[in-house]
Amino acid sequence: MNRLLFEGRSLVGIVSSVIRQDDRQVSYNRLDWERMYRLSDYHKVANIVYIGLLGYRETVPDKWRDRFFKRYQESLQFGEHCGESFQEVLTWLDMRKISCTILTSESVRGLYRLSETADIGPVQIFMDEEKYYLAKGYLVDLGYETDETYNGFGERMRKVSGIPIILYHKLPFRTSKYTKNMVKILESAQIKEPYENIWMLPPESEFLYRMAGAAYRYVTDELTVREVLELLLCHRAWKEEIDEDALWKRLAEFRIDGLAEKILELAYMWFGEKTDTFLISRADDTVVYDILEERLLSRGIVNRENDEQALKLQSLVDKEIEKEKKAEGKDIKREKRDQRYTEMKRKLSWIFPDFHYMSSIYPVLEKLPVLLPLYWVIRGLRLLWRSLRG
């Protein structure tokens, strides 16, 4: 367990040193590089780690250094093609009058000091279910393939030379109250010029969406280091456009304002600079952040959760998951029952064929249909005799 947290904290240390361009000390020679690669790939920061390794090549086995380099190359190629490919998708959607809302824009890439450290992650687009299938069909025609499916919500699609795109026809949050508040955020969307049917969230609303999403994914143990990093980048870049009081008031409607604030504070602790003023007068109790860090970096394996808002939201999500499992179990039982019924009908129809079939074999039934039961018996005895002789 200590090893798991050691590697997680080492990962944050490497990413932080690259983002802040400092010389934070990391014990490179003590790391298991296979596990470090898999951990950094899960947290979407492998391309950043590669830059951090440039001065320590002798400590990393060739196999894993090459894999880090591959992620770094992908980030460079992504930067070259993402804008053009995304504009192509948006132009088509607009021409077909498919109204949609961009939930997380590609513009966040411009917030990184080093463009090659930016994410190669997807843009999220929300639309109604009817338009969703039209948009998916178009992406398939463009060469996109489904990379991951989010049952009941949408799917992630990607192609080699294009920007990954997540299409949602339902926002990916299980509790009704959370979804309702997320939908309210979409009401602030504005037309993205020069389009007529493409909407996007203003900075304050996108940041609210990101903060609420991060809190939700924290309690479902899906929050990544990359997502935490981008919270800091967005907050630092957009803070002049954000009404802080209104932001925390809206997050209070989700009942995660305290939890969200802790996550943002952790982002500044990990990746912030001495000149950042956000952490001034913040909580001095580092245990609060240790608990947050341990759960996030271990994906919930180390879980000493004591935040009331996190525990409440987690309980609500767990209840919804349990309901889904019960509903799924009922659907499976219903399907099996239907299969048994269909199989029984098939067997009965073979044992007792309908009148038209029987009359084609026994013409006498055309004149005397009342004899149908008798000829069922006769047919059955003939088939039995045949099987015994065979």
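Below, each value reflects all heavy atoms present in this structure, side chains not excepted, and no hydrogens, waters or symmetry copies. It should be emphasised that the depicted structure is a prediction, and the values quoted were computed from it without experimental measurement.
A ring-ring contact (aromatic ring centres under 6.0 Å, His included) with Trp92 holds for exactly one of Phe86, Tyr195, Tyr144, Tyr138; it is Tyr138.
With salt bridges taken as basic N to acidic carboxylate O contacts below 4.0 Å, one links Asp221 and Arg295. Of the charged side-chain nitrogens involved, at least one lies within less than 4.0 Å of a carboxylate oxygen, so that Glu155 and Lys136 count as a salt-bridged pair. Between Asp147 and Arg156 a salt bridge is recorded (basic side-chain N to carboxylate O distance below 4.0 Å). By the 4.0 Å N-to-carboxylate-O rule, Lys184 lies too far from Glu187 to be salt-bridged with it. Looking at Asp128 and Lys131, no side-chain N of the basic residue comes within less than 4.0 Å of a carboxylate O on the acidic one, giving no salt bridge.
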If you look only at distance, which donor and acceptor atoms sit under 3.5 Å apart when one is on a side chain in residues 210-218 and the other is two or more places apart or in another chain?
{"from": "Arg210", "atom 1": "NE", "to": "Glu206", "atom 2": "OE2", "distance (Å)": "3.1"}
{"from": "Arg210", "atom 1": "NH1", "to": "Glu230", "atom 2": "OE1", "distance (Å)": "3.4"}
{"from": "Arg210", "atom 1": "NH2", "to": "Glu206", "atom 2": "OE2", "distance (Å)": "3.2"}
{"from": "Tyr216", "atom 1": "OH", "to": "Arg174", "atom 2": "N", "distance (Å)": "2.9"}
{"from": "Arg217", "atom 1": "NE", "to": "Glu227", "atom 2": "OE1", "distance (Å)": "3.1"}
{"from": "Arg217", "atom 1": "NE", "to": "Glu227", "atom 2": "OE2", "distance (Å)": "2.9"}
{"from": "Arg217", "atom 1": "NH2", "to": "Glu227", "atom 2": "OE2", "distance (Å)": "2.6"}
{"from": "Tyr218", "atom 1": "OH", "to": "Glu305", "atom 2": "OE1", "distance (Å)": "2.5"}

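Atom CD of Glu196 has 12 or fewer heavy atoms from other residues, nucleotides or ligands within 6.0 Å. Within 6.0 Å of CD in Gln87 there are more than 12 heavy atoms belonging to other residues, nucleotides or ligands. Annotation: Arg382, atom CZ; neighbour count of heavy atoms from other residues, nucleotides and ligands within 6.0 Å does not exceed 12. Shown here is Glu193, whose CD atom has no more than 12 heavy atoms of other residues, nucleotides or ligands within 6.0 Å. No more than 12 heavy atoms of other residues, nucleotides or ligands sit less than 6.0 Å from atom NZ of Lys170.
Below 30°, between 30° and 60°, or above 60°: for Trp33 and Phe68 the angle between ring planes is above 60°, a perpendicular geometry. Ring orientation note: the planes of Tyr178 and Phe173 are tilted relative to one another, at an angle of 30° to 60°.
Residues Arg158 and Thr146 fail the side-chain proximity criterion, which asks for heavy atoms closer than 4.5 Å. A heavy-atom distance below 4.5 Å is not found between the side chains of Ile98 and Asn197. Leu259 has its side chain out of reach of Leu251: every pair of non-hydrogen atoms, C-beta onward, lies at least 4.5 Å apart. The shortest side-chain heavy-atom distance between Leu296 and His43 falls under the 4.5 Å cut-off. Side-chain contact check for His169 versus Phe126: every heavy-atom pair is 4.5 Å or farther apart.
In this structure, the ring pair (Phe, Tyr, Trp, His ring centres under 6.0 Å) partners of His235, at least two apart in sequence or on a different chain, are Phe207, Tyr268, Phe278. Contacts of Tyr72 classified as ring pair (Phe, Tyr, Trp, His ring centres under 6.0 Å), with partners at least two apart in sequence or in another chain: Tyr50. Evaluation of the salt bridge (Lys or Arg N to Asp or Glu O under 4.0 Å) rule for Asp307 yields Lys262 as partners, not counting sequence neighbours. Listed by chain and number, the residues in a side-chain hydrogen bond (donor to acceptor under 3.5 Å, both in side chains) with Asn306 amount to none (sequence neighbours excluded). Every side-chain hydrogen bond (donor to acceptor under 3.5 Å, both in side chains) that Glu34 has, sequence neighbours left out, goes to Arg38.
Not a single donor-acceptor pair under 3.5 Å links the side chain of Ser205 to the backbone N or O of Leu201. Under a 3.5 Å cut-off, the side chain of Lys159 and the backbone N or O of Leu142 do form a donor-acceptor pair. For the pair Arg255 (side chain) and Gln309 (backbone), a donor-acceptor distance under 3.5 Å is absent. Looking at Asn47, its side chain never comes within 3.5 Å of a backbone N or O of Arg71 through a donor-acceptor pair.
Here the straight-line distance linking atom CD1 of Ile301 with atom CZ of Arg299 works out to 7.5 Å at 0.5 Å rounding. Note that CD1 of Ile165 and CG of Leu90 are 7.5 Å apart. Values are rounded to the nearest 0.5 Å. The distance from atom CZ of Arg96 to atom OG1 of Thr91, rounded to the nearest 0.5 Å, is 10.5 Å. Separating the CD atom in Glu320 from the OG atom in Ser315 is a distance of 10.5 Å, to the nearest 0.5 Å. Interatomic distance, Ile48 CD1 to Leu114 CG, rounded to the nearest 0.5 Å: 9.0 Å. Once rounded to the nearest 0.5 Å, the distance linking OG1 of Thr224 with CG of Asp41 reads 11.5 Å.
Here Tyr42 sits alone; no ILVMFWY side chain lies under 4.5 Å from its own, so it joins no hydrophobic cluster. Hydrophobic side-chain contacts under 4.5 Å tie Val377 into a cluster, directly or through other members, with Leu381. Here Trp199 is tied into one hydrophobic group with Ile191, each link being a pair of ILVMFWY side chains closer than 4.5 Å.
Under the 4.5 Å side-chain heavy-atom criterion for grouping Ile, Leu, Val, Met, Phe, Trp and Tyr, Tyr362 is connected to Leu374 within one hydrophobic cluster. The same ILVMFWY cluster, assembled from side-chain heavy atoms under 4.5 Å apart, contains both Leu371 and Phe352. Follow the hydrophobic side-chain contacts under 4.5 Å out from Leu76 and you reach Val108 in the same cluster. Following chains of ILVMFWY side-chain contacts shorter than 4.5 Å, one can reach Trp64 starting from Phe6, so the two form part of one hydrophobic cluster.
Pairs engaging residues 354-371 under the salt bridge (Lys or Arg N to Asp or Glu O under 4.0 Å) rule: none recorded [sequence neighbours left out]. The salt bridge (Lys or Arg N to Asp or Glu O under 4.0 Å) analysis of residues 237-250, with sequence neighbours excluded, yields the pairs Arg250-Glu253. Among residue pairs with one or both ends in residues 4-18, those qualifying as salt bridge (Lys or Arg N to Asp or Glu O under 4.0 Å) are Arg3-Glu7, Glu7-Arg35, Arg9-Glu293, Arg9-Glu294; sequence neighbours excluded.
Looking only at atom types and distance, the side chain of Tyr209 has no donor-acceptor partner in the side chain of Glu204 under 3.5 Å away.
The two residues Trp238 and Pro203 come nearest to each other via the heavy atoms CE3-O, 3.5 Å.
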